[in-house]
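To start, the structure itself, in structure tokens.
These values consider heavy atoms only, across backbone and side chains, with no hydrogens, waters or symmetry-generated copies.
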Amino acid sequence: MRGVLSRQILTLGIAGTFFALVGCGYHTAEQATKLPSDVRTIAIPMFENRTPSYRIEQTLTGAVVREFTSRTNYRIANQASSDADATLHGAVISTYISPLTYDSTTGRTSSALVTVNMRVTLTGRDGKVLFQNQNYSFHQQYEVSREVSSFFQEESPALERLSRDFARTLVSNILENY
């Protein structure tokens, strides 16, 4: 009796796992790739930075290149060229850092929110717009250290996390647009 019950529980567990994976949209990268069939190479030149935030365009561009490379079979070029079937242009429009919470004893900021707004356009070799979003907005919270002697600048890791979130969303949006 106990063996039969254990097998039934195991079978239900395996079936539940299978249905959870199928139900959550799990798929391979090749199945997700749905851009026009003539697109094999995508150029991703450095995004434009229209803000005073130092090197944010490099962080965002790098995250997008890594995401395309890891999720698709497209050949990625770092510069716009006539050899590319499509070119992805991006621009960082604004960055903001806003205090979220304050330390009640010192009055100093204890956490902040970094917000980055971007525009992105993917155009085909013929100039046709394949994908466009003029209003990407991403936020990332980070903690500000209370101790000056152990101060660790958390803004950069927060921007790294924000960049990965943006890249995942952008690549998904482009692939699922078709």
Find the distance between [atom1] ([X]) and [atom2] ([Y]) and round it off to the nearest 0.5 Å.
| X | Y | atom1 | atom2 | answer |
| --- | --- | --- | --- | --- |
| Leu162 | Leu60 | CG | CG | 7.0 Å |
| Arg161 | Thr59 | CZ | OG1 | 13.0 Å |
| Arg164 | Leu159 | CZ | CG | 11.0 Å |
| Ile42 | Thr72 | CD1 | OG1 | 6.0 Å |
| Asn78 | Met46 | CG | CE | 8.0 Å |

Quick one: side chain to side chain donor-acceptor pair (under 3.5 Å) partners of [X], sequence neighbours excluded?
| X | value |
| --- | --- |
| Thr105 | Asp103 |
| Gln132 | none |
| Thr69 | none |
| Thr115 | His139 |

Keeping to residues at least two apart or across chains, list the salt bridge (Lys or Arg N to Asp or Glu O under 4.0 Å) pairs with something in [range].
| range | value |
| --- | --- |
| residues 126-140 | none |
| residues 74-102 | Asp85-Arg125 |
| residues 44-57 | Glu48-Arg50 |

Practice task
Sequence neighbours left out, what passes ring-ring contact (aromatic ring centres under 6.0 Å, His included) with Phe68? Give chain and number order.
Solution key: none

Problem - Qualifying residues under ring-ring contact (aromatic ring centres under 6.0 Å, His included), relative to Phe47, sequence neighbours excluded - result: none

Practice task
I would like to know whether Val120 and Tyr136 meet side-chain contact (heavy atoms from CB on, under 4.5 Å); could you show each step before the answer?
Solution key: CA-CA 8 Å; Val120 178; Tyr136 273 112; 4.0 Å; yes

Exercise for the section: Can you sort out the partners of Asp165 under side chain to side chain contact (heavy atoms under 4.5 Å, CB included), two or more places apart, ordered by chain and number? Expected result: Phe138, Gln140, Arg168

Problem - Residues which pass side chain to side chain contact (heavy atoms under 4.5 Å, CB included) with Thr87, listed by chain and number, not counting sequence neighbours - result: Ala43, Pro45, Ala80, Ala84, His89, Thr123

Exercise for the section: Apply the test side-chain hydrogen bond (donor to acceptor under 3.5 Å, both in side chains) to residues Asn49 and Tyr54: give CA-CA distance (whole Å), side-chain angles for both, the deciding distance (0.1 Å), then the verdict. Expected result: CA-CA 9 Å; Asn49 185 359; Tyr54 181 67; over 6 Å; no

Handout entry: Single-linkage hydrophobic cluster, 4.5 Å side-chain cutoff, Ile56 and Leu113 together
Key = no

Problem - Step-by-step side-chain contact (heavy atoms from CB on, under 4.5 Å) determination, Val129 to Phe131 - result: CA-CA 6 Å; Val129 174; Phe131 175 84; 5.9 Å; no

Just list the side-chain donor-acceptor pairs under 3.5 Å for residues 90-101, sequence neighbours left out, or say none.
from, atom 1, to, atom 2, distance (Å)
Ser94, OG, Asn117, ND2, 2.7
Thr95, OG1, Ser53, OG, 2.6
Thr101, OG1, Ser110, OG, 2.7
Thr101, OG1, Ser111, N, 3.3
Thr101, OG1, Ser111, OG, 2.6

Handout entry: Glu67 backbone acceptor or donor facing Ser70 side chain under 3.5 Å
Key = yes

Completion exercise
For Leu170 and Leu88 the tightest heavy-atom approach is CD2-CD2, 4.0 Å

Practice task
Starting from the C-alpha separation in whole Å, work towards a yes-or-no answer on side-chain contact (heavy atoms from CB on, under 4.5 Å) for Met118 and Asn133.
Solution key: CA-CA 8 Å; Met118 295 153 287; Asn133 187 329; over 6 Å; no

